Amino acid sequence: MNQDYIKPNEWSILEEGFDAQMVKSSESLFSIGNGVMGQRANFEENYTGETFQGSYIAGVYYPDKTRVGWWKNGYPEYFAKVLNAPNWIGINVLINDEKLDLHTCKEVSNFRRELNMKEGWLSRSFNAVLQNGIQIKVDTKRFLSLELDEVGAIDYNVTPLNTHAKITYIPYLDAGITNEDTNWDDQFWDVLEISQNNQQSYIEARTMKTHFYTCTFMESRLFIDKDEVITGCNNEKTTSFTSCNYQQEIKQNQTYTIHKFGGYVVDRNHDKNELVAAAKEALDKAVSFGFDALLDMQKQSWAQIWKMSDITIEGDVKAQQGIRFNIFQLNQTYLGTDASLNIGPKGFTGEKYGGSTYWDTEAYCIPFYMATKDQSVARTLLEYRYNHLDKAIENAEKLGFKNGAALYPMVTMNGEECHNEWEITFEEIHRNGAIAFAIFNYYRFTEDYSYIPEKGLEVLIGIARFWQQRATFSSDKNKFMILGVTGPNEYENNINNNWYTNYIAKWCINYALENIDVVKNDYVSDYIRIKDKVNFTDEELSLWKNVADNMYFPHSEKHNIYLQQDGFLDKELITVADLDQKQRPINQKWSWDRILRSPYIKQADILQGFYMFENDFSTEELERHFDFYEPFTVHESSLSPCVHSIQAAKLDRMDQAYTFYLQTSRLDLDDYNHEVEEGLHITSMAGTWMSIVEGFGGMRVLNNTLSFSPKIPKGWKTYSFKVNFRNRVITVNVSQNGTHFELEGKEEIDILVNGDVVTVSPNNLLTV
């Protein structure tokens with residue numbers, strides 16, 4: 001843990017007291033979004049201290065030309081940048097012509113910031129003494145509407161406390177925005193036109209190269225002590241900026257309020273020539289509702305989300321706050337309403353990593369969305385990859401693979417690879433396995449097989465072709481090997497026979513062969529269509545099977561364990577317990593060369609495989625591998641603690657499982673990795689949900705039956721969660737004395753509890 005200023009609270013993220021050193025961290029932690037757009041928690045008023053300005057529109061990106069010192073064949077031409085969009089939240093505030101700026105105020109007191117997760121809004125309040133001696137109280141609240149998802153709303157209030165004052169509000173739109181991370185300091189936006197119509201303002205802009213057309217818009221309303229003030233405004237504009245100026249003489253203790261409505265419309269949803277009209281329609285609708293009515297709608301929308309996705313914990317406020325924060329941010333990032341969107345690793349909270357999709361979606365996020373939404377949301381995520389299959393085949397062709405072999409990108413916006421670190425782009429090919437595993441996981445959980453003959457089998461075939469071609473036959477060992485790879489543990493690059501990569505390659509081939517047989521026998525017309533389209537033969541399938549049947553797996557007879565890779569035991573095996581804590585995190589303190597030579601593991605490859613394919617291994621095998629590898633694991637990947645928590649719970653090591661749970665659930669809140677100011681770890685947040693549901697709750701699908709093996713940390717009184725399993729919603733409530741199950745709907749269901757079959761009837765509490 002590296003910070004501890006967030007106040008424990010079951011439903012809110014709270015900050016009390018203004019600390020300029022924490023501004024950028026808080027901008028990440030208090031970020032808001034609605035699945036279509038999002039923004040960091042920047043102040044509305046001017047702030048001249050250190051800040052990371054960030055507003056983002058889903059699906060809008062810029063192909064920043066790759067910049068490397070030594071170009072290698074196969075490098076992607078660009079790294080997709082999540083674009084910092086034109087800023088619509090800004091409101092310059094002047095008190096007797098002095099600009100409000102918390103960085104320059106004489107005094108700031110009673111500062112409080114709240115992200116209310118239950119209702120979906122961000123607020124801030126403080127008292128300030130300006131350089132001119134005027135004391136003011138400021139209260140703000142804002143949200144991004146779930147109901148009108150192109151619109152956000154701000155309620156900004158200033159009260160002079162020691163004298164009357166002239167207060168000026170200058171709401172503005174600013175398209176003169178740059179990204180924090182650019183390769184060449186390119187201009188990303190081309191402003192096309194700025195227009196104003198009474199209280200409404202618009203900036204039409206287009207992204208360079210990708211040519212996404214957008215319109216940023218705003219309109220404001222003014223109030224004194226809640227009574228609306230009908231007033232005009234003085235409009236100003238430059239080549240990239242437009243503002244309205246509202247001035248008012250305000251008496252001591254009177255409150256001057258501005259309601260600002262703003263947001264974006266984009267040509268992904270509207271005709272690019274009609275964006276101003278679409279923006280006007282959005283504004284007219286928002287203003288007609290007004291701030292308070294929109295806020296009520298926001299509360300209702302979030303109530304519906306929480307009704308299904310909430311996890312309650314009694315007896316541990318920090319644990320409760322952590323899980324709700326993770327669930328909240330996941331729902332702010334992606335709601336499954338647009339098949340062209342996906343779940344970026346930073347969501348709408350920062351620019352690091354770029355791209356909208358990593359393997360995190362398939363390995364971690366799909367289980368969360370399958371169980372807390374309608375199954376169509378998870379299917380939409382699968383279809384996203386099917387829609388990019390042709391690009392995955394092109395990506396493989398660029399590296400020399402043939403015959404429809406598909407290599408899905410490590411990072412992508414549109415299906416093209418856009419990650420330009422060679423040890424990731426060329427070598428972290430295990431991502432292909434996560435794509436296939438997600439198809440298996442979806443069918444296992446939903447029992448919806450239709451996706452496989454309709455779309456999924458083509459994906460599985462392309463992936464199997466890649467693995468067959470990527471494997472190398474060793475005449476020395478008489479086995480197939482996969483050379484020159486990087487596993488999930490990115491602290492080992494360009495190694496041979498990463499166990500996880502080899503295992504998932506074998507599994508992918510076998511799963512593709514299995515489903516070819518099923519489709520051939522049960523979906524004849526689909527089989528004929530697919531066979532004609534991708535042109536596979538029995539001889540080719542025999543080649544696949546030969547690779548799968550003869551895959552090599554490095555193993556140590558001495559330790560009776562699988563090795564992460566061929567050379568792991570050649571390292572100096574000093575455990576993390578013997579590592580000087582001043583050297584942590586090693587990715588910020590050590591050279592990359594030193595990290596690669598060390599035994600330290602960012603996230604354990606083998607334990608990832610044991611998690612995904614746990615039915616292939618005994619509990620004794622898991623324990624042996626856990627005991628060997630965990631002591632070398634530094635957990636500097638956000639994806640690491642959740643898997644370890646699940647496996648520690650399976651091994652009945654609940655104290656250890658709880659420690660890992662707390663780390664994954666509060667990874668950002670407590671800034672374990674010293675990097676939260678860059679943005680949140682959105683995709684790993686789904687792993688936090690898994691830690692409770694699959695770890696403590698022991699949820700699995702065994703023999704086509706939903707199964708639970710509930711355990712509870714000793715400090716908790718109870719915890720509960722819901723899962724939507726095959727369109728039947730089951731509530732699980734675990735206490736120190738037993739587990740209660742409730743079923744919604746009309747049909748009973750048989751489940752397994754600690755290995756025994758029990759029947760849960762609708763609206764009838766079952767206690768085990």
Side-chain angles (χ1 to χ4, degrees), residues 18 41-48 87-114 121-143 151-174 196 198-201 218-236 242-262 283 286-295:
F18 179 67
N42 306 118
F43 299 156
E44 292 88 357
E45 75 277 0
N46 187 60
Y47 182 69
T48 55
N87 174 17
W88 69 263
I89 71 164
I91 306 172
N92 286 329
V93 181
L94 287 78
I95 314 297
N96 282 0
D97 297 324
E98 180 181 329
K99 189 174 288 188
L100 173 60
D101 180 348
L102 291 186
H103 189 60
T104 61
C105 286
K106 283 184 177 180
E107 180 183 331
V108 178
S109 60
N110 299 324
F111 183 94
R112 186 180 189 274
R113 179 159 24 192
E114 176 180 3
W121 48 261
L122 167 66
S123 72
R124 187 166 50 101
S125 61
F126 58 87
N127 289 10
V129 180
L130 280 67
Q131 292 294 330
N132 60 18
I134 297 178
Q135 300 174 21
I136 59 172
K137 176 178 173 56
V138 175
D139 289 283
T140 76
K141 183 175 287 185
R142 78 174 187 250
F143 60 91
V151 175
I154 300 171
D155 172 41
Y156 199 102
N157 303 270
V158 175
T159 305
L161 299 177
N162 64 339
T163 182
H164 66 277
K166 179 180 72 175
I167 299 177
T168 306
Y169 285 134
I170 307 176
Y172 63 84
L173 305 176
D174 182 10
Q196 297 163 325
N198 296 323
Q199 311 280 18
Q200 296 180 344
S201 299
M218 72 172 182
E219 182 173 356
S220 300
R221 291 290 185 270
L222 286 301
F223 305 83
I224 297 177
D225 288 342
K226 298 186 177 180
D227 293 326
E228 185 167 2
V229 178
I230 307 301
T231 180
C233 69
N234 296 318
N235 293 323
E236 296 182 9
T242 180
S243 67
C244 295
N245 186 309
Y246 302 94
Q247 289 186 3
Q248 195 74 40
E249 293 290 337
I250 302 298
K251 297 177 182 177
Q252 182 178 349
N253 294 320
Q254 273 190 330
T255 298
Y256 189 34
T257 300
I258 182 171
H259 286 172
K260 181 178 182 181
F261 305 90
L283 275 175
V287 172
S288 69
F289 282 117
F291 183 90
D292 292 337
L294 276 178
L295 181 58

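Just so it is clear, the structure is predicted and the values come from calculations on it, not from any experiment.
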Residues Leu222, Thr257; criterion side-chain contact (heavy atoms from CB on, under 4.5 Å); working and verdict: CA-CA 6 Å; Leu222 286 301; Thr257 300; over 6 Å; no
Check: [Y] and [X] side chains under 4.5 Å, non-hydrogen atoms:
| X | Y | result |
| --- | --- | --- |
| Met218 | Cys244 | yes |
| Leu102 | Phe126 | yes |
| Tyr172 | Glu236 | no |
| Arg221 | Glu228 | yes |
| Ile258 | Ile91 | yes |
| Asn87 | Leu173 | no |
| Leu122 | Phe143 | no |
| Thr140 | Asp155 | no |

Aromatic ring pairing Phe18/Tyr47, orientation class (parallel under 30°, perpendicular over 60°, tilted between):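 If you compare the ring of Phe18 with that of Tyr47, the planes turn out perpendicular.
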Rounded to the nearest 0.5 Å, how far does [atom2] of [Y] lie from [atom1] of [X]?
| X | Y | atom1 | atom2 | result |
| --- | --- | --- | --- | --- |
| Tyr246 | Thr231 | OH | OG1 | 7.5 Å |
| Asn127 | Lys137 | CG | NZ | 5.5 Å |
| Asn132 | Asn96 | CG | CG | 6.0 Å |
| Asn46 | Thr104 | CG | OG1 | 8.0 Å |
| Thr163 | Ile136 | OG1 | CD1 | 13.0 Å |
| Leu295 | Asp292 | CG | CG | 7.0 Å |

Derivation of the side-chain contact (heavy atoms from CB on, under 4.5 Å) call for Ile89 and Ile154: CA-CA 8 Å; Ile89 71 164; Ile154 300 171; 3.9 Å; yes
For residues 247-255, which side-chain donor-acceptor pairs fall under 3.5 Å, sequence neighbours excluded?
{"unit_1": "Gln252", "atom_1": "NE2", "unit_2": "Leu161", "atom_2": "O", "d": "2.9"}
{"unit_1": "Gln254", "atom_1": "OE1", "unit_2": "Lys251", "atom_2": "N", "d": "3.0"}
{"unit_1": "Thr255", "atom_1": "OG1", "unit_2": "Thr159", "atom_2": "OG1", "d": "2.7"}

Search all heavy atoms of [X] against all heavy atoms of [Y] and return the closest pair with its distance.
| X | Y | result |
| --- | --- | --- |
| Lys106 | Leu130 | CD-O, 3.6 Å |
| Asn198 | Cys233 | O-SG, 4.1 Å |
| Ala153 | Phe261 | CB-CD2, 3.9 Å |
| Ser201 | Gln196 | OG-CG, 3.7 Å |

side-chain contact (heavy atoms from CB on, under 4.5 Å) between Thr242 and Asn235, intermediate numbers included: CA-CA 7 Å; Thr242 180; Asn235 293 323; 5.7 Å; no
Residues that Arg142 engages under salt bridge (Lys or Arg N to Asp or Glu O under 4.0 Å), provided they are two or more places apart: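 So Arg142 forms a salt bridge (Lys or Arg N to Asp or Glu O under 4.0 Å) with Glu44.
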Aromatic centroids of Tyr156 and Phe223 separated by under 6.0 Å: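 No - the distance between ring centres of Phe223 and Tyr156 does not fall below the 6.0 Å cut-off.
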is_close_aromatic(Tyr169, Tyr256), centroid dist under 6.0 Å: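 For Tyr169 and Tyr256, the ring centres are under 6.0 Å apart.
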Basic-acidic side-chain contact under 4.0 Å: Asp139, Lys141: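 No.
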Glu98/Lys166 salt bridge by N-O under 4.0 Å criterion: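 Answer for the salt bridge query: no.
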Any donor-acceptor N/O pair, Asn162 side chain to Gly133 backbone, under 3.5 Å: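 Indeed, once roles are kept as given, a pair shorter than 3.5 Å links the two residues.
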Single hit among Lys260, His259, Gln199 for side-chain contact (heavy atoms from CB on, under 4.5 Å) with Glu219: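 Exactly one pass, corresponding to Gln199.
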Derivation and outcome, side-chain contact (heavy atoms from CB on, under 4.5 Å), residues Val129 and Ile134: CA-CA 6 Å; Val129 180; Ile134 297 178; over 6 Å; no
